[in-house]
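Here is the naming used below: chain letters follow the sequence lines, and residue numbers restart at 1 for every chain. Below, all heavy atoms of this structure are taken into account, side chains as well, without hydrogens, waters or symmetry copies.
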2 protein chains.
Amino acid sequence: MSDGLTVPFALAAGLSGRLESSSLIVVAGLAEIVAGAIAMGLGGYLAASSDTEHYVTERAREEREVRDIPSAEAAELTTVLASYGLSAEESAPIVTALRKRPEAWVDFMMRFELGIERPNPRRAVLSALTIAGAYVAGGVIPLAPYMAIGRARIALVLSVIVTAVALTTLGYVNGHFTGTPPLRSALYTALIGGLAAAAAFLVARAIV
Amino acid sequence: MSDGLTVPFALAAGLSGRLESSSLIVVAGLAEIVAGAIAMGLGGYLAASSDTEHYVTERAREEREVRDIPSAEAAELTTVLASYGLSAEESAPIVTALRKRPEAWVDFMMRFELGIERPNPRRAVLSALTIAGAYVAGGVIPLAPYMAIGRARIALVLSVIVTAVALTTLGYVNGHFTGTPPLRSALYTALIGGLAAAAAFLVARAIV
């Protein structure tokens with residue numbers, strides 16, 4: 001969502017450095033929002049699908065190894081535990097215990113040897129819709145002033161204000177949920193938006 | 001990089017539905033590339049920094065628990081191992097062994113209880129530079145035809161060709177490295193670019 005706020009905001013700000021009227025800025029902004037939402041939403045879908053596929057493939061391999069070459073797999077488990085400082089004698093009981101439970105053994109190897117977690121199969125679709133929806137919702141905020149006001153320079157001022165408020169709020173809420181200090185998160189998120197917009201504005205003005 | 005290819009490509013294609021001359025398309029495209037590179041590069045930097053911070057905080061908490069309340073932490077370890085079907089008797093030897101090695105014990109809990117890996121501290125900067133660089137490198141490809149050719153519709157045709165080639169190649173190489181079948185990855189990547197551009201084109205034409 002912060003990309004959805006930042007990039008259309010910066011693009012519109014950049015074009016305000018070149019255009020008198022808002023109409024073409026709205027066209028460019030909406031085209032960007034639609035393109036960004038599709039590219040990032042489908043990109044997120046593909047990434048999540050590929051995670052699921054990777055998990056399924058690796059799990060099938062581990063299951064095969066546990067079934068067909070349990071001794072080699074037990075040796076692998078001993079090696080993994082040795083990396084935590086356990087001697088072969090110390091890890092023997094856990095190796096024996098897991099050999100009795102092939103399913104749990106596979107779970108253990110997935111987590112320990114490969115460090116990958118079972119992805120939620122519905123995550124791919126959910127991830128795509130969330131990303132695309134957030135991008136659109138974010139993008140509409142900085143563009144709204146250009147839709148309402150015909151003169152680009154005046155719309156820009158209003159766009160700066162609403163986007164700054166939105167980015168700060170978003171950064172604050174985001175910090176609250178991720179454990180980053182909320183005020184710092186709010187400041188950084190707004191700063192990124194400001195930097196991106198300033199750079200876009202300068203680039204748009206610099207081009208002959 | 002595929003976002004960097006797709007979004008500026010789609011934006012330029014969308015504006016080609018409205019503008020005769022390439023010059024303003026180049027302005028909008030470059031403003032988008034700069035804004036996207038900054039937003040995504042700095043966004044990647046913040047995400048990676050926040051991962052590192054999260055790891056450090058959680059690790060400090062585990063270290064405190066291992067030092068101050070080892071019995072409670074040992075009980076936690078037994079619970080975690082029980083989720084893999086190990087009885088308290090079966091997990092006793094590994095608990096005893098890890099209690100002798102606090103550092104390894106913390107490593108074990110980080111991996112097992114929390115499932116988080118130690119992030120590379122230099123990853124944040126590297127991640128930011130890679131994302132921003134890839135976005136710029138990707139974005140220049142679909143825009144190059146508009147820089148060279150003044151008439152937008154002709155530039156669009158060339159942009160479709162070079163972007164299709166670039167997205168297909170990128171998807172193929174990406175599939176090769178991630179384990180997704182390369183041809184399928186190539187097809188999907190190109191398809192996303194095509195969909196995004198078609199949507200942007202339609203939106204730009206539909207706006208009065």
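For the residue pair B:A152 and B:I25, the shortest heavy atom distance occurs at CB-CD1, 3.6 Å. Residues A:P142 and A:S159 come closest through the heavy atom pair O-OG, 2.8 Å. Minimum heavy-atom separation, B:I149 to B:S22: O-OG, 2.6 Å. Closest of all the heavy-atom pairs between A:R99 and A:P70 is NH2-CB, 3.5 Å. Between B:W105 and B:A74 the shortest heavy-atom distance is CZ2-N, 3.5 Å.
Applying the salt bridge (charged side-chain N to carboxylate O under 4.0 Å, His left out) rule to pairs touching residues 34-47 of chain A yields nothing, sequence neighbours excluded.
No salt bridge links B:E63 with B:R67; every basic N to acidic carboxylate O contact stays at or beyond 4.0 Å.
Side-chain atoms of A:R18 come within 3.5 Å of backbone atoms of A:I207 as a donor-acceptor pair (strictly under, hydrogens ignored). No donor-acceptor pair under 3.5 Å is formed between the side chain of B:T163 and the backbone N or O of B:V160. Checked by atom type and distance alone, the side chain of A:R61 never pairs as donor or acceptor with a backbone atom of A:V56 at under 3.5 Å.
Using a 4.5 Å cut-off between heavy atoms, B:E32 touches chain A through backbone and side chain atoms alike. Looking at B:L15, only its side chain comes within 4.5 Å of chain A, counting heavy atoms on both sides. Only the side chain of B:L81 has a heavy atom closer than 4.5 Å to any heavy atom of chain A. For A:R101, the part lying under 4.5 angstrom from a heavy atom of chain B is the side chain only.
Note that CG of A:N174 and OG1 of A:T169 are 12.0 Å apart. Values are rounded to the nearest 0.5 Å. Rounded to the nearest 0.5 angstrom, A:E73 CD and A:M109 CE are separated by 4.0 Å. Atom CG of B:D107 and atom OH of A:Y84 lie 6.0 Å apart (nearest 0.5 Å).
Interface with chain A: from residues 186-201 of chain B, residues B:Y188, B:I192, B:L195, B:A196, B:A199, B:A200 qualify, criterion being any non-hydrogen pair under 4.5 Å. For residues 43-51 of chain B, the interface with chain A (any heavy-atom pair closer than 4.5 Å) comprises B:G43, B:L46, B:S50, sorted by residue number. Using a 4.5 Å heavy-atom cut-off against chain B, no residue of residues 128-141 of chain A qualifies as contacting.
Counting non-hydrogen atoms of neighbouring residues, nucleotides and ligands closer than 6.0 angstrom, the CZ atom of B:R151 reaches no more than 12 such neighbours. In the displayed structure, B:Y55 atom OH is contacted under 6.0 Å by more than 12 heavy atoms of other residues, nucleotides or ligands.
Listed options A:L24, A:T96, A:L202 were ranked by heavy-atom pairs under 4.5 angstrom with chain B; first place goes to A:L24. Counting heavy-atom pairs closer than 4.5 Å to chain A, the top-ranked of the candidates B:V203, B:T57, B:T6 is B:V203. The most heavy-atom pairs under 4.5 Å with chain B, out of A:V26, A:I33, A:L42, come from A:L42. When each of A:S87, A:G14, A:A28 is scored by its heavy-atom pairs under 4.5 Å with chain B, the top score falls to A:A28.
You'll find the side chain of A:V66 stays beyond 4.5 Å of the side chain of A:E103, heavy atoms only. Side-chain contact between B:L156 and B:Y146 is present, with heavy atoms from C-beta onward closer than 4.5 Å.
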